[in-house]
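The block underneath contains the structure these notes are about, expressed in structure tokens.
Keep in mind it's a predicted model, so treat the numbers as computed, not measured.
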Amino acid sequence: MSEMKDILTGLDRYEEFLGKLQVEINKMEDYRIAIVYTDIKHFKYINDTYGYKRGDTLLKEFVEMVTGNNDYMLCAARVYSDNIVMAARLEECVGNEEFRKLIRERNLELENNFRERYMSARLKFCTGISIISKEDRRLDPATAVSNANLARKVAKEMDEDCCVLFDNTMLEGIKKEVEITSSVSTAIEKGEFKVYYQPKMETNTLKIIGAEALIRWQKADGSFIYPDEFIPLVERSGQIVELDYFVYREVFHFIARRLQEGKTIVPISVNVSRAHLNKMGILPYVRSLFEKYQIPPELVEFELTESIYIKNTTRALELIEGLHEMGTKVSMDDFGSGYSSLNLLSKLPIDIIKLDKVFLQDCDSKHNIRENDKIIISCVIDMAKKLQITSLCEGVETIEQSDYLSQIGCEIQQGYYFSKPIPQAEFESFMDENYRVKNMSY
């Protein structure tokens, strides 16, 4: 096999591909060139489940199906792993959107083929497309591929249509992402990140029984960068671990101060991002905070989203057991947002389940919960009781919702009906006024 060819697939190596693409761009006349960048979503699942040999076979079959009998293909390369890029001749009579639909149909056909043979409903092909016209002759080939790759990353985040055309607004998104992720550490040092608290209310008494710590970013000029904007970005960059640790430090310090001042305090829950499962440094870090602040472990709870359990049940179990050894409680956040909740409850020693707010969002004009959602909520709460797991429903916004949850025995409620997430000073006032057991000591 030539050094210019990939050993596994027989495709060009990436550097050779770029050279060929430049030649094709130079001689382009009455047609355009489409850069098609594809990878196999959940390819790692095949490697982990069936072994790397089976994964290599799948990849070779994928390449053969994509490139075989393909009259419009000009050149193709394996960039790395399961990332394949192809340059195709695109006649003027074929519109960009029409071509995208053709590629999408090809992907669907391949997905169905592979799912049957590999017995995996998770396999999905994610494709990004960038178009080079005659006016783009000066475009660097690597930039054209980068644009297609960027569109592929956008496609990978979509549940349905995993085939996306590149447009310049995506570059603006990348610019914003770089601006945000590059300023996280500095923002922590400058004190721009703040911890807000959203109370949790005991259903029987409607008195505060706990709170959830949530991070907020207020820049020096007073403007806010909202969590929906920065959380997904720092999760992808891995900086979410740094932010989580910042929240943990703030919460431990806050609890310790309240105790030292002889004031009442409720258990505070903090979120655990899935990035912690990669290295498990969270356990020694939390242990060091308990040693430093000497606070009772029952005053800190850890919330893991349902997706964490689904992604890596074994590591999640190790994490839960490690936190339990320290004496803290663990809850499953966003319960019901995934597809394996019931199965997980039988395997994992969860203390609390937080029903996802989606069950309360689809109300009628009178703010009543719809009947189907009532059935689900009621069954989950009943099941939790039988498993001796505490139930909490988040997203409570109306008295009608709160009354219903009280009727069916949901133990804890959280939502804007009681309070939005509020700054620490405001939360302290709320807690002092609403604490369910006065003069409680630990």
Side-chain angles (χ1 to χ4, degrees), residues 195-214 227 251 264-271 298-306 328-338 341 345 350-364 366-424 426-438 440:
V195 176
Y196 279 42
Y197 297 85
Q198 186 172 31
K200 300 175 182 178
M201 311 302 286
E202 185 178 49
T203 296
N204 290 340
T205 63
L206 292 186
K207 295 294 185 180
I208 187 170
I209 195 175
E212 179 181 2
L214 299 162
V251 168
T264 55
I265 186 67
V266 294
I268 308 293
S269 64
V270 295
N271 291 291
E298 60 267 26
L299 288 178
V300 185
E301 298 173 4
F302 290 85
E303 296 189 12
L304 284 71
T305 62
E306 185 187 55
T328 68
K329 290 184 177 180
V330 179
S331 63
M332 180 186 289
D333 196 10
D334 299 332
F335 183 84
S337 61
S341 307
L345 283 183
I350 303 299
D351 303 296
I352 304 162
I353 56 170
K354 294 185 67 176
L355 277 77
D356 190 80
K357 58 181 178 287
V358 67
F359 293 114
L360 299 182
Q361 287 177 337
D362 189 18
C363 295
D364 62 23
K366 295 182 180 180
H367 307 295
N368 294 314
I369 305 170
R370 298 193 184 278
E371 289 303 317
N372 285 347
D373 287 333
K374 281 186 176 182
I375 293 171
I376 295 173
I377 295 171
S378 178
C379 288
V380 169
I381 290 173
D382 185 58
M383 176 185 62
K385 286 181 180 178
K386 291 177 179 177
L387 292 172
Q388 297 184 318
I389 298 174
T390 300
S391 60
L392 182 156
C393 195
E394 55 185 349
V396 181
E397 296 186 356
T398 68
I399 188 172
E400 291 85 0
Q401 293 171 349
S402 180
D403 286 346
Y404 173 72
L405 293 172
S406 177
Q407 291 170 18
I408 62 173
C410 179
E411 295 159 275
I412 305 172
Q413 301 180 31
Q414 180 182 359
Y416 276 47
Y417 175 63
F418 304 103
S419 173
K420 64 181 180 180
I422 50 181
Q424 182 174 297
E426 191 175 337
F427 170 68
E428 291 194 67
S429 297
F430 184 99
M431 183 167 46
D432 291 339
E433 293 170 5
N434 294 277
Y435 193 57
R436 68 182 178 95
V437 181
K438 298 297 182 182
M440 187 173 183

Q401 and Y417: CA distance, side-chain angles, deciding distance, side chain to side chain contact (heavy atoms under 4.5 Å, CB included) verdict: CA-CA 9 Å; Q401 293 171 349; Y417 175 63; over 6 Å; no
To check you understand the geometry: which heavy-atom pair defines the closest contact between E303 and S269, and what is its length? OE2-OG, 2.7 Å
Under the rule for ring pair (Phe, Tyr, Trp, His ring centres under 6.0 Å), what residues qualify as partners of F427, not counting sequence neighbours? Y197
Applying side chain to side chain contact (heavy atoms under 4.5 Å, CB included), run through L405 and I377 and close with a yes or a no. CA-CA 9 Å; L405 293 172; I377 295 171; 4.0 Å; yes
If every non-hydrogen atom of V266 is compared with every non-hydrogen atom of A211, which pair is closest and at what distance? CG2-N, 4.2 Å
Checking L206 against F418 for the side chain to side chain contact (heavy atoms under 4.5 Å, CB included) test, could you report, in this order, the C-alpha distance in whole Å, the side-chain angles of both residues, the deciding distance, and whether it holds? CA-CA 9 Å; L206 292 186; F418 304 103; 3.8 Å; yes
Please answer whether the main-chain N or O of C410 pairs with a side-chain N or O of T203 as donor and acceptor at a distance below 3.5 Å. yes
Looking only at non-hydrogen atoms, find the nearest pair between D351 and I389 and report the distance. O-CG2, 3.5 Å
Going by side chain to side chain contact (heavy atoms under 4.5 Å, CB included), name the residues that satisfy it together with E411, two or more places apart in sequence or in a different chain. T390, S391
What residues form a side chain to side chain donor-acceptor pair (under 3.5 Å) with S402, not counting sequence neighbours? Q413
Sorted by chain and number, sequence neighbours left out, salt bridge (charged side-chain N to carboxylate O under 4.0 Å, His left out) with E212 holds for K354
Show your working on side chain to side chain contact (heavy atoms under 4.5 Å, CB included) between Q424 and V195 and close with a plain yes or no. CA-CA 7 Å; Q424 182 174 297; V195 176; 5.7 Å; no
By salt bridge (charged side-chain N to carboxylate O under 4.0 Å, His left out), which residues pair with K386, not counting sequence neighbours? D382
Using the test side chain to side chain donor-acceptor pair (under 3.5 Å), find all partners of S331 that sit at least two apart in sequence or belong to another chain. none
